[in-house]
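Accompanying notes for the structure given below.
Positions are given from 1 along the sequence. Values below: all heavy atoms of this structure, side chains included; hydrogens, waters and symmetry mates excluded.
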Amino acid sequence: MTLIDEFKKPFNIVTLILTVLSIFLSIVFYFNSIKTKNISYLLQEPSLIFDSKSSSPKIKLYEKDTIPVLGNVYLLTGTIWNSGDIPIDKSDIRVPLSIYLLNSNRILDFKIIKAVDSSIANFSLNKIYSNSLKIDWSYFDPKFGFSFQIIYVGESDPEFMLKGKILDISSFEKLERPENKSVLYKLLAVLTSIVICIGYIYMIFIEKRSIRRGKSKIFFIISIIGFVATFICLLGFIWVYFIHSTLAPI
């Protein structure tokens, strides 16, 4: 009995799938056992709340009741949270964590609008320069975070920067609106992968067309490799987007 005939047995098919699945789960459990520190942030598109060019001459905006605001005023909303597995203690701070709006933008007002376990975390924002805010907290545990609003005068696309030095964190992760990845999109991707896997199974074990023996072996090997690769990608997709996706806690 040839190797190809052995692969065609249902028991061997199931064994192959279980082997691939066990390898994948071993990799998942290994990476889940690694504890890391990480801070992520997510920004919404700024909203124009005062147009200095189109507004009526009778309507004027003043900063601190005396300083006229001459540029456009925007509202920026965002979220910052601990996306790692380890609490970030105050002793881990080497350079304070701060928000910067560059490109000559000036912050007029700011506030924290929502926070995870606010009475425990005790997040706060303090203005240190005209375009920067210092972030402070009592406890910054995993999944702790806060949403903020900043009213600023400047451009519609401010250069937002999260700066600071935190022990064991080399950089801060900016996410690109993960909420736009709808459940329908995820399910469609999973179903597509399943269909591809079924297609490979059909080509390997059901197709009865006459193919020359030499080419049949090559075709079979390529199909097996394609099936295993697609199956691993399917499991990886499910793990990343359904089990281990990095989403804002608020």
Side-chain angles (χ1 to χ4, degrees), residues 36-55 61-64 67 69-84 86-88 90 92-118 121-182 245-250:
T36 59
K37 289 182 182 179
N38 194 36
I39 294 178
S40 300
Y41 65 98
L42 174 67
L43 301 176
Q44 306 292 333
E45 290 293 329
S47 302
L48 179 65
I49 58 176
F50 179 76
D51 191 334
S52 60
K53 296 181 179 179
S54 301
S55 61
L61 185 65
Y62 291 90
E63 180 181 1
K64 298 180 180 179
I67 304 174
V69 176
L70 303 179
N72 292 338
V73 179
Y74 294 88
L75 173 65
L76 175 65
T77 304
T79 303
I80 298 173
W81 71 100
N82 181 351
S83 56
I86 303 175
I88 301 173
K90 299 292 287 291
D92 295 333
I93 301 174
R94 301 299 183 260
V95 177
L97 190 64
S98 302
I99 293 172
Y100 285 84
L101 294 184
L102 305 181
N103 293 340
S104 301
N105 296 289
R106 189 171 81 254
I107 296 174
L108 300 179
D109 195 16
F110 57 90
K111 67 177 180 179
I112 293 176
I113 55 177
K114 192 175 182 181
V116 175
D117 288 334
S118 57
N122 195 26
F123 289 106
S124 65
L125 295 174
N126 298 286
K127 194 171 183 179
I128 49 178
Y129 299 110
S130 62
N131 65 341
S132 61
L133 303 171
K134 176 185 174 182
I135 303 172
D136 198 8
W137 62 84
S138 296
Y139 297 96
F140 203 176
D141 295 341
K143 306 306 178 184
F144 275 25
F146 64 94
S147 294
F148 61 88
Q149 286 184 345
I150 297 176
I151 298 176
Y152 70 95
V153 54
E155 304 296 330
S156 60
D157 55 344
E159 185 180 349
F160 181 96
M161 293 192 69
L162 190 61
K163 291 185 176 182
K165 293 290 184 181
I166 308 295
L167 181 65
D168 295 330
I169 299 180
S170 58
S171 61
F172 307 116
E173 181 183 17
K174 180 181 180 182
L175 300 185
E176 301 293 339
R177 300 179 63 82
E179 68 273 15
N180 288 340
K181 297 175 181 176
S182 65
S245 56
T246 304
L247 299 177
I250 51 180

Checklist entry - Passes side-chain contact (heavy atoms from CB on, under 4.5 Å), Ile107 versus Ile151? Steps please. => result CA-CA 6 Å; Ile107 296 174; Ile151 298 176; over 6 Å; no
Item to check | Chi angles and distances behind the side-chain contact (heavy atoms from CB on, under 4.5 Å) call for Tyr139, Asp117 | outcome: CA-CA 10 Å; Tyr139 297 96; Asp117 288 334; over 6 Å; no
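Of the inter-residue distances, the one linking Leu125 atom CG with Ile112 atom CD1 reads 4.0 Å to the nearest 0.5 angstrom. One finds the CG atom of Leu75 at 5.5 Å from the OG atom of Ser47 (value rounded to the nearest 0.5 Å).
Minimum heavy-atom separation, Glu155 to Asn105: N-OD1, 2.8 Å. Of all the heavy atoms in Ser98 and Lys134, the pair that sits closest is OG-CA, 3.9 Å. Taking each heavy atom of Gly154 and Tyr74 in turn, the nearest pair found is O-CE1, 3.4 Å. Annotation for Lys37 and Pro87: closest pair CE-O, 4.0 Å, computed over non-hydrogen atoms. Heavy atoms only, all atoms of each residue included: Val73 and Leu48 are closest at O-CD1, 3.5 Å. Here the shortest heavy-atom pairing between Asn122 and Ser138 reads ND2-OG, 3.2 Å.
At a threshold of 4.5 Å between non-hydrogen side-chain atoms, the residues Phe123 and Ile80 do not count as touching. Residues Ile169 and Asp92 form no side-chain contact, since every pair of their non-hydrogen atoms from C-beta on lies 4.5 Å or further apart. For the pair Leu102 and Met161, the minimum side-chain heavy-atom distance is below 4.5 Å. Side chains of Tyr41 and Ile99 form no contact here, defined as non-hydrogen atoms less than 4.5 Å apart. Taking 4.5 Å as the limit, every side-chain heavy atom of Gln44 sits out of range of all side-chain heavy atoms of Thr79. Looking at Ser40 and Trp81, their side chains come closer than 4.5 Å, going by heavy atoms from C-beta outward. With contacts defined as side-chain heavy-atom distances shorter than 4.5 Å, the pair Pro158/Asn103 does not qualify. The side-chain heavy atoms of Ile166 and Phe172, taken from C-beta on, include a pair separated by under 4.5 Å.
Around NZ of Lys111, the count of heavy atoms belonging to other residues, nucleotides or ligands within 6.0 Å does not exceed 12. Annotation: Gln149, atom CD; neighbour count of heavy atoms from other residues, nucleotides and ligands within 6.0 Å is above 12.
Counting only distance, with no hydrogens or angles, the side chain of Trp137 and the backbone of Ile88 share a donor-acceptor pair below 3.5 Å. Between the Asp168 side chain and the Thr36 main chain, no donor and acceptor come within less than 3.5 Å of each other. Looking at Asn131, its side chain does come within 3.5 Å of a backbone N or O of Leu101 through a donor-acceptor pair. A donor-acceptor pair is defined here as one N or O able to donate and one able to accept, closer than 3.5 Å; such a pair exists between the side chain of Ser132 and the backbone of Tyr129. For Asn82 (side chain) and Gly84 (main-chain N/O), a donor-acceptor pair under 3.5 Å exists by modelled atom type.
Within the structure, no pair that satisfies the salt bridge (charged side-chain N to carboxylate O under 4.0 Å, His left out) test touches residues 121-133, not counting sequence neighbours.
Relative orientation of the Phe148 and Phe160 rings is parallel, given thresholds of 30° and 60° on the angle between their planes.
The six-membered or imidazole ring of Phe110 lies away from that of Tyr152, with a centre-to-centre distance of 6.0 Å or more.
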